[in-house]
Amino acid sequence: MNRRANRLLAALGAVLLVLPAVADNYLLSIVTLFLFFAYAGQAWNIMMGFAGQLSLGHSLYLGVGGYAAGALYFHFGIGPWAGLWLAIMICALSGAAIGALAFRYGVSGVYFTLLTIAFAEFTRVGFDHFAWVGGSGGMFLKVAERDQIDLLNLRGTPAMFYYVILGLAAAAFALSGWLLRSRAGYYWQAIRENEDAAQALGINTFHWKILAITISSAMTAIAGVFSAFYYGNLFPEQIFNMSRSIEIMLGPIIGGIGTLFGPILGAALLTLVAESTTEVVAALGWETPGIKQLIYGIVLFVVIVLLPHGVWPALARKLKVTK
Amino acid sequence: MTALLEVTDLELFYGDAQVLASVSLQIPQGGIVAIVGANGAGKSSLIRAIAGIERPGAGKIVFAGRDITGLESHVICNLGIGQVAEGRQLFPTLTTMENLAMGAMLPRARAKMKQMMDEVFELFPLLGERRKQLAGTLSGGEQQMLAIGRCLMGRPELIMFDEPSLGLAPAIVQQLLQAIRKLNRQGLTVLLVEQNVGVSLKISQHAYVLENGRIVMSGSGGELLNDDRVREAYLGL
């Protein structure tokens with residue numbers, strides 16, 4: 001990374017840090033959403049962008065993580081900072097187990113991707129009938145006192161949630177950067193570019209792929225915990241839904257798969273497009289159902305056609321900063 | 001001469017299909033051994049079995065006095081068996097230098113990366129001129145040199161070549177053979193798998209003919225070159 005990139009980063013950080021002082025709750029909720037997808041996108045990017053393993057089932061970790069911490073709070077009053085560890089543990093183990101199952105038996109490429117969908121889907125169906133956490137009727141966490149900050153139980157003002165997710169996104173960014181430069185980053189790059197060659201060079205591909213999926217799923221578990229306490233409710237149909245998995249990966253795809261800034265930039269652009277579409281549609285008074293989604297889809301389509309490697313690699317060249 | 005690699009009664013199956021049947025061979029320390037055979041004879045499978053990428057159904061593989069049968073491929077690699085896979089298998093979006101660095105990720109090679117890279121550039125000066133170039137943009141010959149160089153970065157004692165002459169112009173093939181001979185003179189033991197029978201028999205001290213997963217003939221390169229069956233089946237004479 002060069003000095004110019006550092007300066008841009010510092011400026012972005014400063015703006016985000018002071019934002020709650022100037023923004024209203026509506027704007028804050030939008031930026032919170034952006035940071036949430038920036039965080040989750042970075043988690044997904046470690047598995048796909050760094051190690052080349054496409055997961056279309058990351059909603060699994062989002063849901064299991066959210067339900068693990070949510071249920072501990074709902075049933076036993078155990079706060080999210082403790083529940084977090086349970087969520088991380090369960091999701092890391094699930095991720096490692098799915099990876100071990102797939103990679104040990106040579107399931108790779110699209111078949112691996114199908115496996116990730118399958119696990120997310122049958123977990124969704126399982127939770128629909130899991131009465132202890134409310135089944136398909138959902139689970140509702142104690143309503144937050146919006147003007148009182150209870151950081152211990154993660155109940156409080158929008159600004160508190162904002163700072164929590166800002167911290168998470170920044171931590172994910174630091175972790176991603178460190179991983180990319182670590183030996184694991186090099187092994188992943190070899191596996192992503194040509195797995196047969198990596199194996200022929202004596203890289204333990206099984207080991208490093210498992211590491212990628214474990215880190216990615218553990219990070220996504222934290223996103224799930226945040227989501228559960230931010231919204232205060234959990235429904236299998238929502239949190240395990242495949243559209244969640246797609247939302248998570250759209251940011252990195254638009255921003256630039258495998259890059260450090262891509263997932264963050266992608267999440268920002270997507271949030272911006274979604275919000276401005278809403279504004280424009282409202283201003284024009286269009287009420288056709290689905291018009292918002294249609295415009296959103298067209299914008300994504302155009303971006304992917306024009307910048308198939310994502311926005312960040314092109315922008316990085318323009319700004320003359322490193323990828 | 002003691003055998004650096006000794007394969008005894010190796011059997012390999014892909015599902016129910018048997019691809020190697022009681023294959024036995026020896027590669028002497030410091031030698032060049034060739035395995036020739038038609039497409040589908042099991043040549044690449046043999047290399048993959050030795051490298052630990054495929055798991056043999058039966059048989060024994062001993063390398064430098066150690067039984068390596070059934071070990072994981074990264075362990076075998078780190079013991080000093082390198083392979084230059086068929087079709088070169090480079091990382092096309094990485095530069096020459098990055099490709100070479102990837103070859104030195106083994107525990108046995110990590111510390112000597114810089115020194116090995118210098119040696120590779122000495123062996124293949126052309127690669128030195130292309131060190132910042134993406135591997136995917138190199139010519140076929142340069143790519144093959146890079147594949148060999150990347151393998152050397154892992155400091156192997158035995159290097160296995162799978163069809164190194166594939167898709168290369170005759171002049172480049174000659175350069176390649178010279179490079180293999182040079183490496184061999186420096187002490188590297190070579191297993192050469194080729195469809196190009198004339199080329200591989202000329203360079204090797206000993207050769208095996210593989211047909212339908214079985215070794216049907218073996219002898220010195222010269223003997224096989226003069227054998228009527230080999231001449232008829234593989235050289236079209």
Side-chain angles (χ1 to χ4, degrees), chain A residues 45 48-54 99-100 102-109 111 179-212 256-260 262 307-310 312-314 316-317 322-323, chain B residues 14-15 44 47-48 50-55 71-95 97-110 113 134-136 143 146-156 159-162:
Chain A
N45 193 43
M48 172 62 194
F50 295 2
Q53 306 303 312
L54 175 57
F103 304 145
R104 188 50 84 200
Y105 295 100
V107 178
S108 59
Y111 302 102
L179 283 172
L180 260 190
R181 286 188 306 273
S182 73
R183 193 186 301 155
Y186 283 99
Y187 287 132
W188 286 336
Q189 196 178 9
I191 292 167
R192 182 188 72 200
E193 293 295 316
N194 188 338
E195 190 168 341
D196 287 339
Q199 197 182 15
L201 292 178
I203 292 173
N204 187 348
T205 53
F206 178 80
H207 174 100
W208 295 106
K209 286 197 292 187
I210 292 284
L211 183 69
I257 290 181
T259 64
L260 203 49
L307 301 165
H309 297 293
W312 174 250
R317 270 195 304 275
T322 48
K323 288 181 206 173
Chain B
Y14 290 149
S44 297
I47 281 197
R48 291 172 67 82
I50 294 171
I53 294 171
E54 306 292 348
R55 229 135 257 256
L71 291 184
E72 300 264 3
S73 61
H74 63 272
V75 177
I76 292 178
C77 224
N78 196 44
L79 288 174
I81 300 184
Q83 56 159 324
V84 180
E86 186 176 357
R88 308 187 272 267
Q89 304 283 5
L90 296 172
F91 303 111
T93 60
L94 304 187
T95 65
M97 276 180 85
E98 288 168 336
N99 266 277
L100 289 176
M102 287 290 188
M105 290 287 169
L106 289 171
R108 70 179 275 130
R110 235 172 259 150
M113 182 156 111
L134 294 186
Q143 287 192 10
L146 179 53
I148 296 171
R150 190 182 57 180
C151 184
L152 292 174
M153 294 295 292
R155 304 169 62 79
I159 185 166
M160 305 190 288
F161 291 93
D162 194 354

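Just so you know, these numbers use all the heavy atoms, side chains as well, and skip hydrogens, waters and symmetry mates.
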Legend entry - Pick from His207(A), Gln189(A), Arg192(A) with the largest number of heavy-atom pairs that fall under 4.5 Å of chain B: Gln189(A)

Inset, instruction - Return the set of residues passing side-chain contact (heavy atoms from CB on, under 4.5 Å) with Ser182(A) (not counting sequence neighbours), or none when no residue passes. - result: Leu179(A), Ala184(A)

Inset, instruction - Select one option (side chain, backbone, both, neither) describing which atoms of Tyr187(A) are under 4.5 Å from chain B's heavy atoms. - result: side chain

Can you give me every donor-acceptor pair (side chain of residues 195-203 of chain A, partner residue at least two apart or in another chain, under 3.5 Å) with its distance?
from, atom 1, to, atom 2, distance (Å)
Glu195(A), OE2, Lys209(A), NZ, 2.6

Legend entry - Most chain A-contacting option - heavy-atom pairs closer than 4.5 Å, from Asn78(B), Ile53(B), Ile76(B), Leu106(B): Ile53(B)

Inset, instruction - Please identify each residue that fulfils salt bridge (Lys or Arg N to Asp or Glu O under 4.0 Å) with Glu54(B), with sequence neighbours left out. - result: Arg48(B)

Legend entry - Members of residues 79-88 of chain B whose heavy atoms come closer than 4.5 Å to chain A: Gln83(B)

Inset, instruction - Working to the nearest 0.5 Å, report the span between CG of Asn204(A) and CE of Met105(B). - result: 14.5 Å

Inset, instruction - Let me know if Arg183(A) has heavy atoms under 4.5 Å from chain B in its side chain, its backbone, both or neither. - result: side chain

Inset, instruction - Tell me, for Arg110(B) versus chain A, whether the close heavy atoms (under 4.5 Å) come from the side chain, the backbone, both or neither. - result: side chain

Legend entry - Heavy atoms from other residues, nucleotides or ligands near OH of Tyr105(A) exceed 12 (cutoff 6.0 Å): no

Legend entry - Within 6.0 angstrom of Phe206(A) CZ, more than 12 heavy atoms from elsewhere: yes

